[in-house]
Amino acid sequence: MKHHLERLLAQAVAELHRRGALQRNAAGLVQLQRTRNPRHGDFASNLALLLGKAAAADPRKLAADLIGALPASDCVEKVEIAGPGFINFFVSRTAWREVIGEIRAAGTTYGNSAIGRGRAVLVEFVSANPTGPLHVGHGRGAAYGDAVARLLSAAGYRVRREYYINDAGRQMDILALSVWLRYLEQCGATPGGLGDAFPANGYQGEYVRGLAADLHRQHGDALGADADTAGRLFANLPEDGEARIDALIARCKCALGETYRALFDHACATLVERIRDDLLRFGVRFDHWFSERTLVEGGDIERAIAALAERGHIYEKDGATWFRATDFGDQKDRAVLRADGSHTYFAADIAYHFNKGERGFDLILDVLGADHHGYAGRVAAAFEALGFERKRLQMRLVQFATLYRGREKVQMSTRTGEFVTLQELREEVGVDAARFFYVSRKNDQHMDFDLDLARTQSADNPVYYIQYAHARICSVFRQLRDKGLPDADAAAPDYQRLTESGEFELMQTLSRFPEVVEQAAGGFEPHLVAYYLRDLAHDFHAYYNAHPFLSSEAGLRNARLGLIDSVRQVLANGLDLLGVGAPDKM
RNA sequence: GGGCCUGUAGCUCAGCCGGAUAGAGUACCUGGCUUCGAACCAGGUGGUCGGGGGUUCGAGUCCCUCCAGGCCCGCCA
């Protein structure tokens, strides 16, 4: 509907231009807006105001000329000039009624568009280090990234979801060490347990003991150390915490030799598998799990640095190798190779984005936690420095959800093991409620998540309000069958029978859905869909309370059933875009 | 010190490329089930859009400045 009217306006502009009444063909300026006030019609355009400004002409006269040049259309009841030069469109009732047939014909594809033109897009999200289970902070990135991916698919993009596994860094060594130390406890090599000897900056979560127990079941004491070795393990360690844990890692590698790799791999693979399973239960499926280690072992980091060097963006200083990020708008230059020749975390990410760029995606979207925002600038800088078009790489930051239990703020740290896992959240509030809550705020909006409230007030969650509308409609159709009434579509419904204002409000809201999806996809803003669905559910519930559907008069009944069936369809389509279910009954 | 995000009703938040009288939920008040599901609906109370200046036909929206909160600023990952 909106696009149709926009085309009419664009034709009017072209016509005026052809007649010489307009300096330039400003069809690109055409924009329509849904009105807030019904007295302003259904759609309004400020086109004459914009053109009047550019041409120093009287906007009201321009508006009159535009209206005069407007092609005839059955959709348009009347067109008016208002205020300083707005053009107000009043859409005919017949045109509104057509949306019902459109929706029912399109079914699950209603709302889809082709604005993506089949372009390939890579969406990378979550990408949490496999050093522990996912927690509620990761949940937001998962819900957001997946909803964006669904939106982009609906908008005609070819979408690939990817998870980047940081399986090569020091954090993973710390994890492996932590598991080994717990394993030594299992072997009885450290009588009474490690107590205070366990490094404070190691991973202290209970799941580490679980991994150690797995190892002990599989290997017995074979990966252990005798009491003497275990005793020497903690002798003469550096005072400093970071140096201390690095020394422990070195001793662990030394004690285990080649089997260190097996320990490391077991911990990593187990946690990745757990994360994958966790996300699947959350309704999120990735197409590809990209391992950082494949970059390291495949020589991709050297290649990426060489590519930067070839373009003159690399220099040496203090024995280290630097990327001149400041040439690309970053705050400071960044090290890629340390003085000892090892690569930095950033170097691996340059290689990863080099790889992403070379895979030929038209659009690359990184969904990052807000704590990585300082990091976004340097990645974008490197991407451009590698010769890629900067616009191809888009980043969206997801702000943290601050957790509360009542008034109390919940502190979270993977290392100390104090966190609420995604699994616990799922079990407490359910997938649908959690996902809807996560995406019902803008990604860059800080979020307070009160766990007590989420649990006790789950019935007040807007998601139930929307799902209830869907279930209610399904229930009406069940009633129809129970009463032995004929199928609503036995004869083609005559929607001319719909004349109530509540019915036209519903049709208008229904017709907005494709616009909402388009806008939400274009701006990576799933929250728009969440707000839209609440509006639609509200219009439906109001209609439900005002008018009976199962009227004894078949013509009116079938028309109304057709209308609410299209509401059901749009509710289901919208919820699906957010990864939320649309139950038949609740 | 620098950078990013945020500031809209008591609370939690929307507000599309600047558009007409700033909207929801929640809380509070008043009504509505003998009838398709009351997890619902109707009505009401509630606003200096953080402060100040600027741009213009028009500013919650753009620019400048100040204030407040969150996060980040390593040859860690």
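Protein chains get the first letters and strands the later ones, always in sequence-line order, with residue 1 at the start of each. Everything numeric here is computed off the predicted structure, so don't read it as measured data.
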Spacing of F346(A) atom CZ relative to C73(B) atom P, expressed in whole Å: 14 Å
task: Show your working on salt bridge (Lys or Arg N to Asp or Glu O under 4.0 Å) between R478(A) and D584(A) and close with a plain yes or no.
output: CA-CA 10 Å; R478(A) 279 194 296 273; D584(A) 291 350; 5.4 Å; no
List the atom pairs, with distances to 0.1 Å, where a side-chain N or O of residues 346-353 of chain A and a protein N or O form a donor-acceptor pair under 3.5 Å, not counting sequence neighbours.
unit_1, atom_1, unit_2, atom_2, d
D349(A), OD2, Y375(A), OH, 3.1
Y352(A), OH, E162(A), OE2, 2.6
H353(A), ND1, D349(A), O, 3.0
H353(A), NE2, D366(A), OD2, 2.6

message: Base, sugar-phosphate or nothing for H547(A)? Non-hydrogen atoms, less than 4.0 Å.
response: base
query: Expressed as a whole number of Å, how far does the P atom of U48(B) sit from that of G60(B)?
result: 14 Å
field: A14(B) pairs with, by Watson-Crick or G-U criteria that keep both distances under 3.5 Å
entry: none
- request: Give one of base, sugar-phosphate or nothing for M172(A), where a contact means two heavy atoms less than 4.0 Å apart.
  value: nothing
task: Can you figure out which of C41(B), C76(B), G37(B) approaches the side chain of N545(A) most closely?
output: C41(B)
task: Could you pull out all residues at least two apart from F89(A) that satisfy ring-ring contact (aromatic ring centres under 6.0 Å, His included)?
output: none
statement: Rounded to whole Å, the CZ-P distance (R140(A) to C5(B)) equals 15 Å
task: Under 4.0 Å between any heavy atoms, over every strand shown, what does Q445(A) touch: base, sugar-phosphate, or nothing? Just pick one.
output: sugar-phosphate
Under-4.0 Å salt bridge between R568(A) and D565(A): yes
query: For C75(B), does OP1 or OP2 lie under 4.0 Å from any side-chain N or O of H343(A)?
result: no
- request: Just call it for N129(A): base, sugar-phosphate, or nothing, with non-hydrogen atoms closer than 4.0 Å on any strand.
  value: sugar-phosphate
- line: Out of C36(B), A42(B), C40(B), minimum distance to the side chain of Y544(A) belongs to C36(B)
message: Heavy atoms only, 4.0 Å cut-off, all strands: where does N88(A) land among base, sugar-phosphate and nothing?
response: base
Closest listed nucleotide, where the reference is the side chain of Q479(A) and the choices are C36(B), C75(B), U6(B): C36(B)
- prompt: Taking for each residue the nucleotide of RNA chain B bearing the nearest heavy atom, is the 5' side occupied by A320(A) or by R39(A)?
  reply: R39(A)
task: Looking only at side-chain atoms of K442(A), point me to the closest of A14(B), C36(B), C41(B).
output: A14(B)
message: Check the phosphate of A39(B) against Y468(A), side-chain N and O only, distance under 4.0 Å to OP1 or OP2. Yes or no?
response: yes
query: Can you list the residues that meet the side chain to side chain contact (heavy atoms under 4.5 Å, CB included) rule with D333(A), with sequence neighbours excluded?
result: Y315(A), W322(A), R324(A), T326(A)
Among C40(B), A39(B), C13(B), the nucleotide that comes nearest once only the side chain of Y465(A) is considered: C40(B)
query: Rounding to a whole Å, what distance do you find between I81(A):CD1 and A20(B):C1'?
result: 16 Å
- request: Go through the structure and list residues passing side chain to side chain donor-acceptor pair (under 3.5 Å) with S511(A), not counting sequence neighbours.
  value: R34(A)
- request: Output the single nucleotide from C16(B), A24(B), G69(B) whose closest atom is nearest the side chain of R534(A).
  value: A24(B)
query: Rounded to whole angstroms, how far apart are CD on Q31(A) and P on C16(B)?
result: 12 Å
query: Atom CD of Q33(A) and atom C1' of G15(B): how far apart are they, to the nearest Å?
result: 11 Å
statement: Pairing partner of G43(B), by Watson-Crick or G-U wobble and under 3.5 Å for both distances, is C29(B)
- request: Quick one: label A348(A) by what it contacts on the DNA or RNA (base, sugar-phosphate, nothing), any heavy atom closer than 4.0 Å.
  value: nothing
message: Counting the atoms with a prime plus P, OP1 and OP2 as sugar-phosphate, which does A546(A) contact under 4.0 Å by heavy atoms, base, sugar-phosphate, or nothing?
response: nothing
- request: Name the closest nucleotide to the R478(A) side chain, picking from A20(B), G37(B), U21(B).
  value: G37(B)
message: Listing request: all salt bridge (Lys or Arg N to Asp or Glu O under 4.0 Å) pairs with a residue in residues 480-490 of chain A, at least two apart in sequence or in separate chains.
response: R104(A)-D489(A)
field: Contacts of E384(A) that satisfy salt bridge (charged side-chain N to carboxylate O under 4.0 Å, His left out) - sequence neighbours left out
entry: R390(A)
message: Can you classify the ring geometry of Y531(A) versus H527(A) as parallel (below 30°), tilted (30 to 60°) or perpendicular (above 60°)?
response: perpendicular
field: Strand partner of A68(B), provided both Watson-Crick or wobble distances fall under 3.5 Å
entry: U6(B)
- prompt: What interatomic distance, in whole Å, is found between C1' of C5(B) and the corresponding atom of A24(B)?
  reply: 24 Å
query: Is the distance between the ring centroids of Y532(A) and F513(A) less than 6.0 Å?
result: yes
- prompt: Using the C1' atom in both, what is the distance from C49(B) to U61(B), to the nearest Å?
  reply: 10 Å
message: Tell me which pairs pass salt bridge (Lys or Arg N to Asp or Glu O under 4.0 Å) where either residue lies in residues 537-560 of chain A, with sequence neighbours left out.
response: R497(A)-E553(A), E503(A)-R560(A)
- request: May I ask you to say what A82(A) touches in the nucleic acid, namely base, sugar-phosphate or nothing, with a heavy-atom cut-off under 4.0 Å?
  value: base
query: Is any side-chain nitrogen or oxygen of R472(A) closer than 4.0 Å to OP1 or OP2 of A38(B)?
result: yes
Counter-base of C75(B), judged by Watson-Crick or G-U geometry with both distances under 3.5 Å: none
- prompt: For the pair made of NE2 in H538(A) and P in C40(B), what is the distance, rounded to whole Å?
  reply: 11 Å
Value in whole Å for how far the P atom of G15(B) lies from OH of Y532(A): 17 Å
Polar contact flag, side-chain donor to acceptor under 3.5 angstrom, H3(A)-E6(A): yes
query: Taking the side chain of Y531(A) as its heavy atoms from C-beta onward, which of A14(B), C40(B), G25(B) lies nearest to it?
result: A14(B)
Where do N or O atoms of nucleotides 55-61 of chain B meet protein N or O atoms at under 3.5 Å, pair by pair?
unit_1, atom_1, unit_2, atom_2, d
G58(B), O6, K53(A), NZ, 3.4

For nucleotides 2-4 of chain B, which of its nitrogen or oxygen atoms have a protein nitrogen or oxygen under 3.5 Å away, and what is each distance?
unit_1, atom_1, unit_2, atom_2, d
G2(B), O2', Q331(A), NE2, 3.1
G3(B), N2, H373(A), NE2, 2.3

- prompt: Are V272(A) and Y163(A) side-chain neighbours, meaning at least one heavy-atom pair lies under 4.5 Å?
  reply: no
message: Any base atoms under 4.0 Å from D444(A), or only sugar-phosphate, or nothing? Heavy atoms, all strands.
response: sugar-phosphate
message: Side chain of R441(A), heavy atoms from C-beta onward: which of A14(B), A39(B), G37(B) has the nearest atom to it?
response: A14(B)
query: Reckon L480(A) touches a base, only the sugar-phosphate, or nothing at all at heavy-atom distances under 4.0 Å?
result: nothing
field: Length of the line joining R396(A):CZ and C5(B):C1', which is rounded to integer Å
entry: 13 Å
message: Determine whether the aromatic ring of H527(A) stacks with the base of A14(B), defined as ring centroids separated by less than 5.5 Å and ring planes inclined by less than 30°.
response: no
query: Counting any heavy atom closer than 4.0 Å, what does A542(A) reach on the DNA or RNA strands: base, sugar-phosphate only, or nothing?
result: sugar-phosphate
